[in-house]
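Step one of this worksheet: look at the structure below.
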Amino acid sequence: MPGQETSIARRGPLGRPRRTRPGTSSRSGSPSRDLGQEAPRVPVTPLGEVNWTGTRRSSYFPVVFSVLFLLTFVGSYRLAQVEPLLLFEAEGRRNILKFVSGMFPPDLSWSFLSLLGRPILETIQISLMGTFMAVAIGFPIGLLATSSLTFKGILNEREMAASRPRAMLHRASYLLARAVLSLFRTIPEFVWAFMFVRAVGLGPFPGVLAIGISYAGMLGKVYSEILDHVNPGPLEALQATGASKLRIILYGLMPQALPNVVSYTLYRWECAVRASAILGFVGAGGIGQQLEISMRMFNFKQVFTLVAILFVMVAGVDALSARVRRAIMGRERI
Amino acid sequence: MYLLDRVSKVFDGRTIAVNELDLKVRRGEKLAMIGQSGAGKTTLFRMLNLTIPPTSGTLLFDRLDIGRLAGRRLREVRRRIGTVYQQHNLVPRLQVVHNVLSGKLGAWPLWRAVRSLIRPAEAELAYEALSQVGIPEKLYDRTETLSGGQQQRVAIARTLVQNPEVILADEPVSSVDPALAAGIVKLLIELSETYRKTLIMNLHSVDLALAHFPRVIGLRDGKISFDLPAAEVTDDHLATLYAGSEAETAEEVPSRAEPHPVRSCQPHLTS
Ligand SMILES: Nc1ncnc2c1ncn2[C@@H]1O[C@H](COP(=O)(O)OP(=O)(O)OP(=O)(O)O)[C@@H](O)[C@H]1O
Ligand SMILES: [Mg+2]
């Protein structure tokens, strides 16, 4: 906030050594960490005699972590058999050339194009419905998976201190929500689609379900991360007026998080368009089904056309979401 | 209104922000709190408005032990306490009207809170509150487009709309010019006098505190250094309060200023 440190008259400047982060005054930093876990009972000693040692966290972690990461990276390079030169050997070159030249000229015959109207529409419908479902499922679970809403930080400081069972309940629901989101994410949408095709039969609906579930996992996680990182100051102020959590979400959390939430959701929609092409491979409808057929028949001319159409669709969604984003954020102060 | 008995707040098990503090505040009382940066003023306020629980000690609000309160009962007590924050704590992207009306959130049923985001309910109320702090024309502006001082006044308007029994004002005039600062302090005092509200204000300006408040408390290292009627606060008291601060070496220990006429405040603030 501007001007927070300007006083209008004389004030006692920083006196004794303070442990505030520079620039932020007192508690604007990260209450979730500052307030989350305090030792409940600390013998109160005169200020000079506070025991400073032993409370600092060890700073080895970054070093150890960096070394481990480097080792893993080198190891992976060898184990994954990364050999870029393979791409340029005679054999590889010939195959690529054959594949690419086989694409020309793309198949633009009416008999082929007339087959594509329905799959194209279907792909858009799958991606749209799938994303919608993902938001509907992911958002509420994401709220539960937001630690600053469920058990940590300023919004829970008092409640958690007041009753232990309630604190446990909140923490449990947080862990459960995170576990559910992880599960949704770990299973690839491809596998989800495969299962749903068994369950509800061929067609676009299993595609919608697959995208809905797996994207709910990703959206929920990212939502919770976005919500965890909004400025807690305004939330504290709303809470102090006696507002309930739901109202704090409405008036403090969402307004602050909205640009990021919308932006990420639109990006996921774009991904869903691409994903729904893959899902066709297991019979979940859309343009992917056609792509699969053409690939299987080594008809690269058709593949080219299909990929081009997919490209146009993704670009279109991208352009559209850019406009929506601008509409929401365009009013931002410069 | 408040009764504090040996209240302490320790952060992270090592930073003692408030140290065994005893304090009694009667209903309708007006008091100013002064002290160095880091003395624990804001921390004390956050305990007084039931945001953070004390590490030890008991805190009574209106003879109610609020230590064990939770849920609805806790919110009901919070509603009776209004806080003006040092950092304003407004939602930057919302229009001013919503920030001001969010003072009503504790009282509104949920459906009205939702509907108000689309079409402000009780916009007249927000307008009135903004008029009192002198910026009614900003009603529908985006809050982040306002200057620091204007935002501070929006924060005050939010508390006016909340209409609490106790007003805790943490540096409510830190980002406005001196003339306006005096006006706002006077406004809050008048308000608390007319409606018999309890007013506790943190101030970095010793002059303002001594000029406007009957009772002044000096806070140092989380303890009360003095708690006196304004007339009895001497230069010695202030010297002890600010001793060891950089201000001292700079020969700038705050002292009782010559009683100078408070600079003219803006006309609309004197109403
Ligand atoms: N959330 C927190 N976590 C850890 N330490 C904190 C926290 N809030 C405050 N402190 C510490 O408590 C002490 C008192 O801080 P406080 O904000 O109450 O001071 P203040 O009197 O309001 O200062 P100022 O006049 O600068 O606003 C400081 O040493 C500060 O570092
Ligand atoms: Mg402060």
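Quick note on labels: first sequence line is chain A, next is B, and so on, each numbered from 1.
A:Leu250 touches chain B through backbone and side chain together, each having a heavy atom under 4.5 Å away. Residue contact with chain A, scored on non-hydrogen atoms closer than 4.5 Å, is absent for B:Thr43. Heavy atoms closer than 4.5 Å to chain A are found in the side chain of B:Arg158, but not in its backbone. Contact annotation for B:Leu110: both backbone and side-chain heavy atoms come within less than 4.5 Å of a heavy atom of chain A. Of the two parts of B:Ile81, only the backbone, made up of N, CA, C and O, holds a non-hydrogen atom closer than 4.5 Å to a non-hydrogen atom of chain A. B:Leu69 touches chain A through its backbone: at least one of N, CA, C or O sits under 4.5 Å from a heavy atom, while the side chain does not.
Salt-bridge formation is detected for the pair B:Arg46/A:Glu236: a Lys NZ or Arg NE/NH1/NH2 atom is positioned less than 4.0 Å from an Asp or Glu carboxylate oxygen.
For the pair B:Lys9 and B:Phe11, the cation-pi test (distance below 6.0 Å, angle within 45°) is passed.
Of all heavy-atom pairs spanning A:Asn156 and A:Leu149, the tightest one is OD1-O, 3.3 Å. Listed here is the closest heavy atom pair of B:Leu101 and B:Ser116: CD1-OG, 4.1 Å.
Using a 4.5 Å heavy-atom threshold, the side chains of B:Asp207 and B:Ser205 count as touching.
Judged by distance alone, the side chains of B:Gln86 and B:Thr42 do bring a donor and an acceptor atom under 3.5 Å apart.
Interface remark: of the candidates B:Thr83, B:Thr51, B:Asn49, B:Thr51 forms the most heavy-atom pairs closer than 4.5 Å to chain A.
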